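Data block below; observations after.
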Amino acid sequence: MNTRQNLESAVEINYEAFLNPEQLKAVREGDGPCLVLAGAGSGKTRVLIYRTMYLLEQGIPPSRICLLTFTNKAAREMLRRIEKYLGKVPETLVAGTFHHVANVFLRKYSHYASLSPNYVIIDREDSLSIIREVSKKILPDKEIAPEVIQEILGLSANTSETIKDLIMTRYPHFSNIIARLETIHDAYEKRKRELGVVDYDDLLSFWLKILTMQEPGEKISRRFLYILVDEYQDTNRIQALILYQLARINRNIMVVGDDAQSIYSFRGATVQNILDFPKIYPDAKLFYLQTNYRSTPEILSLANSVISHNRYQFPKVLKSVKESGVKPVVIECDDKHSECVFVVNRVKELLKKVRPSDIGILFRSRYQSAEIEIELNKLNIPYVVRGGLRFFEMAHIKDIIAFFRVYQNPKDELSWVRVLNLTRGVGKSSRDKIIAFVRGKSNIDEIINSDGIKLISTAEKGWENLKNLLKNMREAKQVPEQIGIIVNNFYKDYLESHYLDWEQRLADIESLREISSTWNNVEEFISQTSLQEHFRGEIKDTKDVLILSTIHQAKGLEWKIVFIIGVSAFHFPHTLSSNDYAGIEEERRIFYVGITRAKEDLYITYHMSDPRNFSYRKSIFIQEIPGHLIEFWKFD
C-alpha cells in the first residue's frame with residue numbers, strides 16, 4: 001500500500017495551519033461513532049476533506065473509506081480538493097452520492113436482490129411512462145395524475161412509510177383511492193422487474209435489502225473501516241437505515257450536519273435522524289463547530305436568538321471571526337405593495353455601492369416574490385429566480401392567464417389549446433374540433449351561446465362546463481372575482497389531482513388575484529401580465545444579477561446583503577404549519593437559514609395588512625426577537 005508515499009510526494013499537510021481547534025479536534029479524534037454539529041458557515045466540508053486525508057495519512061487503505069454526499073456537485077468538490085493535495089484521487093476510494101455508491105454495490109451483489117447485474121437505471125420520464133401504462137386500467141377516470149402517483153411512490157420508498165400511512169397523514173384528499181394506489185404500486189414493481197430496470201428509489205431500497213442480509217451485508221460492512229457522511233440533517237429514513245447497516249461492524253461512522261438547518265421534510269428528510277444519533281450510538285462523540293466565517297457578530301446574535309426558541313435541538317452558539325458591523329434591520333410596512341416598494345427602492349440605492357450579485361432577496365414561499373418582480377421590472381433592475389421560473393412563467397399562473405386570453409380574444413388558438421388541455425374529458429380529437437369551431441367566431445358571446453359541435457359524451461360535458469365558466473366570468477366583470485370563479489369552479493380540482501403541492505400553487509394564484517386588483521380591467525390585466533413575460537428575455541449575462549430565491553433554494557449560498565421579505569403572520573411561518581409544533585420548529589429553522597445567508601447586512605420586512613386575512617400582524621418569529629438585537633424602521 002503506497003498511500004503514505006502518495007502523501008509524501010504531494011503537499012505536506014499542516015493541519016494546524018488549515019483548521020481551527022474545533023475542526024482539528026474532529027479530524028484527529030473522529031474514531032467510533034461521531035456526530036459533528038457544524039453550524040452555518042463553520043467549514044463542515046473542510047472537516048470531511050481533512051478527515052479523509054488524515055485517515056489516508058494514517059495508512060488506512062482508500063478502499064476501506066466510504067465518503068457519502070447528497071449531491072454530485074458536493075462529491076466533485078470534495079474529490080477536487082483531495083486531488084489538490086494528493087496529486088490524484090485514490091482510485092479505490094469509495095466516494096459519491098448515496099445513489100452512486102448504492103449502484104456500485106448493487107451491480108456487484110445484484111443476485112441477492114434477484115436482479116440481473118446489467119440492469120438499466122431509468123430516469124423519471126421512463127418511470128412515469130411505466131406508471132402511466134399500469135395505472136390506465138386501475139384508475140380509468142384519472143382521479144390523480146401519473147406525476148402525482150410517481151411522487152407518492154417515491155416518498156413512500158424514501159420515508160419507509162406505507163402508501164396508506166403516507167396518504168392519511170399528508171394527502172387525505174386521496175384517501176378514497178388508497179387501495180387502488182397500492183395496486184398501482186404492485187403493478188409498477190412487477191413491470192420494472194419484467195423489463196429488467198430499476199428507478200432511483202430502487203437503488204436505495206435494494207441496497208438496504210442487501211445490507212440486511214447476513215452474508216453480503218456483513219461483507220460490505222466489514223469492508224468499511226470508516227464512513228463519512230455529509231449533510232446528515234437532510235437524510236431520510238431509508239438513508240439512515242443504510243448507514244446503520246454499513247457501520248454495524250466497525251462502528252467508525254462520522255456524520256456531519258446541522259440540526260438547525262434541517263428544512264426538507266417535504267422531500268422526506270427527517271430531523272430525527274440527527275437528533276437521535278446519540279440514542280442509536282450511546283457512546284457517540286459530539287463535536288461542535290461554532291466558529292462562523294461568513295457573517296458579522298450582529299447577524300449571528302440575531303440568528304442565535306431566533307433558533308434558541310426551538311425545543312428539540314442541539315443548542316449551539318455561533319461565534320463570528322469578523323469585525324463588528326451594523327445591526328440587522330426589521331422594517332414594518334403598511335401592506336404588501338409598500339413592502340415591495342421599500343425593498344426595490346432600497347436595492348436601487350444599494351446598487352450604487354455594490355454589485356447586483358452581492359444582493360439576495362429571499363422568501364418563504366414562491367408567491368411572495370410576484371410583486372417584487374413587477375417592481376424590479378419597472379425599474380429595469382435585472383434579476384434571476386434561483387432554481388425556478390419567474391412568477392409569470394410558472395405553469396399554473398400561465399394557465400389562469402390563458403382563460404382570460406380566450407375570454408378576451410377567441411382567436412387566440414394557443415390559449416385555447418392550453419385551456420382545453422386542462423378540461424376533463426376533452427382529448428386531442430375533441431380539442432381539435434372545438435378549436436375549429438371557435439376559429440370562425442368573433443367574440444366570446446358567440447361561443448358561449450352556441451351549440452353545433454358533435455362531441456363524445458365526456459368531451460361534451462367538459463365543453464359545457466367550460467362554456468358555463470366563461471359565462472360566469474362575463475357576469476363577474478372584475479378580474480379578482482373572475483380569478484376566483486376560475487379557481488373555485490374549475491382549476492382547484494385540476495390542481496388537487498395533478499400536484500402534491502397544490503396548496504402552494506393556490507397561494508401563487510391568490511397572489512396573482514391580489515395583484516390583479518390594482519389593474520382596472522381584463523385588457524390591462526392581460527397587457528400587464530404579458531409585459532412581465534416580456535422581461536424574461538432581456539438578461540444576457542446572469543453572472544452579475546440580483547438573485548431572488550426561496551430560502552430552501554438558497555441553502556448553502558451567501559450574499560453580502562440579504563433581504564428576507566414577507567415575514568408576516570399567515571405567511572411565515574406557513575399556515576400549514578401553524579397548528580403543528582414540529583412544523584413551527586421547522587419553519588423557524590427555515591428563518592434561521594435565511595438569516596445566516598447574510599454576510600454584512602440584513603433586512604427583514606413584513607406588512608401589516610393583507611386582503612387574504614382578517615388579522616394582520618408581524619410573524620411570531622419577529623415578535624420573539626429582543627429589541628436590542630435589531631434596528632426597527634417603519635415604512636409608510
Side-chain angles (χ1 to χ4, degrees), residues 151 155 166 169-173 233-234 259-271 306-307 309-313 330 336 339-340 361-372 385-388 391 394 396-397 487 492 495-496 499-514 548-555 562-597 604-625:
E151 289 188 57
L155 265 178
L166 193 69
T169 55
R170 299 195 190 205
Y171 315 112
H173 57 290
Q233 79 280 346
D234 294 334
D259 55 294
Q261 297 187 74
S262 178
I263 61 172
Y264 295 115
S265 64
F266 66 95
R267 292 182 189 167
T270 172
V271 69
V306 165
I307 203 64
H309 291 274
N310 271 11
R311 183 184 305 172
Y312 300 105
Q313 63 166 319
V330 172
K336 187 187 287 188
E339 180 181 29
C340 294
I361 300 178
L362 309 183
F363 31 86
R364 167 61 182 87
S365 300
R366 186 66 185 83
Y367 69 83
Q368 293 176 298
S369 76
E371 278 202 75
I372 288 281
V385 178
R386 175 172 168 78
F391 183 82
M394 294 192 294
H396 46 291
I397 298 300
V487 170
K492 183 181 177 184
L495 286 179
E496 286 184 347
Y499 302 102
L500 285 185
D501 65 343
W502 63 273
E503 289 167 305
Q504 198 66 42
R505 292 170 188 258
L506 272 184
D508 292 339
I509 296 169
E510 185 61 35
S511 186
L512 176 68
R513 185 178 177 181
E514 290 176 22
L548 272 61
S549 176
T550 64
I551 297 173
H552 285 97
Q553 287 285 346
K555 187 170 173 289
V562 166
F563 291 80
I564 305 178
I565 66 170
V567 190
S568 306
F570 307 106
H571 296 279
F572 198 176
H574 196 283
T575 51
L576 297 178
S577 304
S578 58
N579 296 318
D580 175 15
Y581 194 85
I584 289 290
E585 293 219 337
E586 177 156 346
E587 292 290 305
R588 194 178 282 110
R589 293 195 295 268
I590 296 169
F591 187 43
Y592 171 84
V593 167
I595 291 169
T596 54
R597 300 310 95 197
I604 300 169
T605 66
Y606 67 94
H607 51 271
M608 293 297 289
S609 66
D610 184 335
R612 287 195 290 178
N613 302 295
F614 298 104
S615 176
Y616 318 126
R617 61 180 185 273
K618 67 187 76 170
S619 166
I620 184 177
F621 300 152
I622 292 180
Q623 294 179 42
E624 293 170 348
I625 299 173

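Nothing here was measured: the structure is a model prediction, and the numbers come from that model. Below, each value reflects all heavy atoms present in this structure, side chains not excepted, and no hydrogens, waters or symmetry copies.
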Item to check | Residues Glu371 and Lys336 bridged, charged N to O under 4.0 Å | outcome: no
Next on the checklist: Regarding Asp501 and Arg366, does a basic nitrogen lie under 4.0 Å from an acidic carboxylate oxygen?
Outcome noted: no
Item to check | Full working for side chain to side chain contact (heavy atoms under 4.5 Å, CB included) between His396 and Tyr499 | outcome: CA-CA 10 Å; His396 46 291; Tyr499 302 102; 5.8 Å; no
Item to check | Result of checking Arg267, Lys555, Arg589 against Asp234 for salt bridge (Lys or Arg N to Asp or Glu O under 4.0 Å) | outcome: Lys555
I need the [X] [atom1] to [Y] [atom2] distance, nearest 0.5 Å.
| X | Y | atom1 | atom2 | result |
| --- | --- | --- | --- | --- |
| Thr605 | Ile622 | OG1 | CD1 | 8.0 Å |
| Ile564 | Arg364 | CD1 | CZ | 12.5 Å |
| Ile509 | Ile397 | CD1 | CD1 | 5.5 Å |
| Ile361 | Leu548 | CD1 | CG | 4.5 Å |
| Asn310 | Arg588 | CG | CZ | 5.0 Å |
| Thr596 | Ile307 | OG1 | CD1 | 9.0 Å |

Checklist entry - Passes side chain to side chain contact (heavy atoms under 4.5 Å, CB included), Ile263 versus Tyr592? Steps please. => result CA-CA 10 Å; Ile263 61 172; Tyr592 171 84; over 6 Å; no
Minimum-distance pair of heavy atoms, taken over all atoms of [X] and [Y]:
| X | Y | result |
| --- | --- | --- |
| Ser265 | Glu586 | OG-OE1, 2.9 Å |
| Ile551 | Gly594 | CG2-N, 3.6 Å |
| Ser511 | Ala370 | OG-CB, 3.8 Å |
| Val271 | Ser262 | CB-OG, 3.4 Å |

Can you tell me if [X] uses its side chain to pair, donor with acceptor, with the backbone of [Y] under 3.5 Å?
| X | Y | value |
| --- | --- | --- |
| Gln553 | Thr550 | no |
| Ser568 | His607 | yes |
| Glu339 | Ile565 | no |
| Gln261 | Gln233 | no |
| Glu587 | His574 | yes |

Checklist entry - For the residue pair Phe266 and His552, is the inter-centroid distance of their aromatic rings smaller than 6.0 Å? => result yes
Checklist entry - What do you reckon, are the aromatic ring centroids of His571 and Tyr367 less than 6.0 Å apart? => result yes
For the residue pair [X] and [Y], establish whether any side-chain heavy-atom pair is separated by less than 4.5 Å.
| X | Y | result |
| --- | --- | --- |
| Val487 | Lys492 | yes |
| Leu155 | Tyr171 | yes |
| Ile590 | Phe572 | yes |

Checklist entry - Cut-off 3.5 Å, side chains only: do Glu496 and His173 have a donor facing an acceptor? => result no
